[in-house]
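Reviewing the structure listed below.
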Amino acid sequence: MSNIRVRFAPSPTGALHIGGVRTALYNYLFAKKHGGTFVLRIEDTDQGRYVPGAEEYILESLGWCGIMPTEGQGIGGPHAPYRQSERKETYLKHALELVANGSAYYAFDTPEELEAARSEAAAAGNHNFKYDATCRQVMKTSLTLSADEVQRLLDAGEHYVIRLKVPENEVVTFTDLIRGEVSFHTSELDDKVLMKSDGMPTYHLANIVDDHLMEITHVIRGEEWLPSTGHHVLLYRAFGWEATMPQFSHLPLILRPDGKGKLSKRDGAKFGMPVFPLSWPQGGKKTETAEDSFEGFREFGFLPQAVINFLAFLGWNPGTEQEIFSLEELCEAFSLEKISKSGARFDYDKAKWYNQQYLHAAADADLAAHVRPLAEAKGYQVSDEYLAKVCHLMKGRATFLPDLVEQSAYLFGDVQVFDNENIAKRWKPESRPVFEALAEHLKAQPAFVAAPLEEAVKAFMADRGLKPGEVMPVLRLSLAGTMQGPGVYEMMELLGNDRTMDRLEKAFGYFDAQMA
RNA sequence: GCCCCGUUCGUCUAGGGGUCUAGGACGGCGCCCUUUCACGGCGUUAACACGGGUUCAAAUCCCGUACGGGGUACCA
């Protein structure tokens, strides 16, 4: 019933940063919460920074996270195209409209002339050169040139840009849903370029035109856009669209773990953690240098729900003491008012904790499916059922998906590595007959199931006056080679009678050899 | 430099004038459980940046300072 429309508008200049994923998430949550529409728009107006594959990466990332837009690039919808480079004419038409109504003007200054003006100002002691009301009166603009001259330059195909004519001596105020009232004095706003000389619009123009045309009701974006929002409000006014101007919400930034500035792609390598949802480049498209490639949350072995939960709480909090939220619960609980104003440091320990929580709670079969490729890569050939059982035994002690198979090699094949130090501590020259008797006792068990096996071992120990400390470590070492891992009886059940017997026998021989 | 935004435990945060001797979570530490490693349970550690106001009463409102962050492109 709601006609709320939000958009996520990334620039395809590379992999989608985790901060961008959070922005997308908040937009998604807000849309879902209000039964609205979540639009994906690709802001590729900078031809020079376009990176092939980035758009696919964005879509795949959102898909992996489970926060797919409901309209937009790659999905379709009533306002197509959703790629700004394909909407070029629209922007020029609108920019011209602004020139016609006196809100914008042509500027014919070359980059060199601009640079000259800049250094001239600097030489005169003015280090904050700004293309403003004073400036536009002395540069080559349609405000200083005669109409004929302007037409002549245009006809001659001279390069030009169209700039916003910022009104003088006004205060521009708007209400940010997260920060409250924010205002700027127009004297500190420069005459932003709206149309670049290559015929493409700048972000400022394209974003306003598209948000209006696409009937966006709420703009939820990063804090880095706050300073230019004054210009954006001016643009809505210049177009006469102020009545339908979207509501703005500027999100706090995600900061580096050490708090020194916003999290950047370099910080992944620097702090040994992922800062992108997926690895980049994807699928072996090796167009980047090694320095520009990163491992993503997915490849680290994070579950998407954990990443989402973690991200949601980086700058937002429901105000209750619940920490674990499914996507559906987040949709329900989300509200812009509860987003905090200050930047949030990227807390990797918290991210790991979330993943652990989701791993523990996940169904064995689901984990098995996730881990199947990893197991196969290691050459393990097991049934889905067996893999699920391994996951069941391991998930309580794993932080990442790969832990499930990487720390359980002995559940897939013979023990390869023995903890000799502990063997020396637990195995005695006279142990063998005792453990062989125990093995016989176990072998004779009618059901090779954890609970009865436990009973059997306990009975054996009681019978012989043995303490658990004398028996259990040896059994564990025999079956796993290590002192870490799942419960001994559970491992026996998983391995089954034959394999258990085989391992015990081999281990006892190995232990004796160690003694020699 | 200038403009904008921000500032509660180490970190993420709750708090929206009295119920705050400031709550939860992560991390750390300790204990219990378990003669494995974990998980789990219990406990503990630790914060309202500073200075002025306003008020009977301020973590909560206002101002200033300090500090932090963002912006300052024909990049988004």
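Just so it is clear, the values below take in all heavy atoms, side chains as well, and ignore hydrogens, waters and symmetry mates. So that the names make sense, note that chain A is the first sequence line, chain B the second, and so on, each numbered from 1.
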Heavy-atom donor-acceptor pair, Arg345(A) side-chain to C12(B) base, under 3.5 Å: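 There is none.
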
Lys192(A) (side chain) and A73(B) (base): donor-acceptor pair under 3.5 Å: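 Answer no: no donor N or O sits under 3.5 Å from an acceptor.
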
Quickly work out the [X] [atom1] to [N] [atom2] distance and round it to whole Å.
X: Ile178(A); N: G6(B); atom1: CD1; atom2: P; answer: 11 Å
X: Glu170(A); N: C3(B); atom1: CD; atom2: P; answer: 19 Å
X: Tyr131(A); N: U72(B); atom1: OH; atom2: P; answer: 19 Å
X: Phe248(A); N: C5(B); atom1: CZ; atom2: P; answer: 15 Å
X: Ile254(A); N: U11(B); atom1: CD1; atom2: P; answer: 17 Å

In whole Å, what separates the [atom1] atom of [N] from that of [M]?
N: G28(B); M: U19(B); atom1: P; answer: 34 Å
N: C67(B); M: C74(B); atom1: C1'; answer: 36 Å
N: U45(B); M: G23(B); atom1: C1'; answer: 16 Å
N: U55(B); M: C9(B); atom1: P; answer: 30 Å
N: A59(B); M: G17(B); atom1: P; answer: 13 Å
N: G43(B); M: A25(B); atom1: P; answer: 10 Å
N: U8(B); M: U60(B); atom1: P; answer: 12 Å

Using a 4.0 Å heavy-atom cut-off, does [X] contact any base of the nucleic acid, only the sugar-phosphate backbone, or nothing at all?
X: Lys395(A); result: nothing
X: Gly230(A); result: nothing
X: Ser197(A); result: base
X: His360(A); result: sugar-phosphate
X: Tyr203(A); result: base
X: Ser228(A); result: nothing
X: Gly487(A); result: base
X: Pro201(A); result: sugar-phosphate
X: Asp347(A); result: base
X: Thr45(A); result: sugar-phosphate
X: Val182(A); result: sugar-phosphate
X: Val193(A); result: sugar-phosphate
X: Pro252(A); result: nothing
X: Asp109(A); result: base

Counting only side-chain nitrogens and oxygens, does [X] get under 4.0 Å of the OP1 or OP2 atom of [N]?
X: Gln357(A); N: G40(B); answer: yes
X: Arg49(A); N: A76(B); answer: no
X: Thr13(A); N: A76(B); answer: no
X: Lys338(A); N: C12(B); answer: no
X: Lys196(A); N: C75(B); answer: yes

So, do [X] and [Y] have ring centers that fall under 6.0 Å from each other?
X: Phe418(A); Y: Tyr510(A); result: yes
X: Tyr160(A); Y: Tyr105(A); result: no
X: Tyr354(A); Y: Phe302(A); result: no
X: Phe310(A); Y: Trp353(A); result: no

Among [options], the one nearest [X] by side-chain distance:
X: Asp46(A); options: G70(B), A76(B), C4(B); answer: A76(B)
X: Lys350(A); options: G69(B), A76(B), A25(B); answer: A25(B)
X: Trp353(A); options: C26(B), G69(B), G71(B); answer: C26(B)
X: Glu223(A); options: G69(B), G71(B), U7(B); answer: G69(B)
X: Ser340(A); options: C12(B), U13(B), G70(B); answer: U13(B)
X: Asp349(A); options: C39(B), C26(B), U13(B); answer: C26(B)
X: Asn317(A); options: U13(B), G71(B), G40(B); answer: U13(B)

Is there any protein nitrogen or oxygen under 3.5 Å from a nitrogen or oxygen in nucleotides 31-35 of chain B, and what are the pairs?
from   : atom 1 : to        : atom 2 : distance (Å)
U35(B) : O4     : Gly469(A) : N      : 3.3

5′-ward residue of the pair Glu323(A)/Trp316(A) relative to RNA chain B: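 First, find each residue's nearest nucleotide; the 5'-ward one identifies Trp316(A).
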
Residue whose closest nucleotide on RNA chain B lies nearer the 5' end, Asp198(A) versus Gln356(A):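 In this pair, the answer is Gln356(A).
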
Test salt bridge (Lys or Arg N to Asp or Glu O under 4.0 Å) applied to Asp403(A) - qualifying residues, sequence neighbours left out: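 Expected list: none.
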
Ala54(A) to Gly14(A) - nearest heavy-atom pair and separation: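 Looks like CB-O, 3.4 Å.
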
Taking every non-hydrogen atom, the tightest pair across Leu145(A) and Lys140(A):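 Closest approach of Leu145(A) to Lys140(A): CD2-C, 4.2 Å.
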
Partner of Met195(A) by side chain to side chain contact (heavy atoms under 4.5 Å, CB included), out of Leu98(A), Leu92(A), Val161(A):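 Testing Met195(A) for a side chain to side chain contact (heavy atoms under 4.5 Å, CB included) against Leu98(A), Leu92(A), Val161(A) leaves exactly one candidate, Leu92(A).
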
Can you check nucleotides 17-19 of chain B for protein contacts, nitrogen or oxygen pairs under 3.5 Å, and list what you find?
none

Side-chain donor/acceptor of Thr186(A) to backbone N/O of Leu189(A), under 3.5 Å: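 No; judged by distance alone, with no hydrogens or angles, the pair does not exist.
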
Val166(A) and Asp132(A), any side-chain heavy atoms less than 4.5 Å apart: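 Asp132(A) does not reach Val166(A) side chain to side chain.
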
Close side-chain approach of Tyr26(A) and Val6(A), heavy atoms under 4.5 Å: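 When only atoms from C-beta onward are counted, Val6(A) and Tyr26(A) do not touch, as no gap falls below 4.5 Å.
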
Worked check of salt bridge (Lys or Arg N to Asp or Glu O under 4.0 Å) between Glu470(A) and Arg464(A): CA-CA 11 Å; Glu470(A) 299 173 279; Arg464(A) 304 251 176 161; over 6 Å; no

Worked verdict on Phe248(A) versus Phe174(A) for ring-ring contact (aromatic ring centres under 6.0 Å, His included): CA-CA 8 Å; Phe248(A) 292 101; Phe174(A) 69 93; 5.7 Å; yes

Whether His204(A) and His231(A) hold their rings parallel, tilted or perpendicular, with breakpoints at 30° and 60°: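 The arrangement is tilted - the two ring planes meet at 30° to 60°.
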
For G64(B), the Watson-Crick or wobble partner whose two distances fall under 3.5 Å: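 G64(B) is paired with C50(B).
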
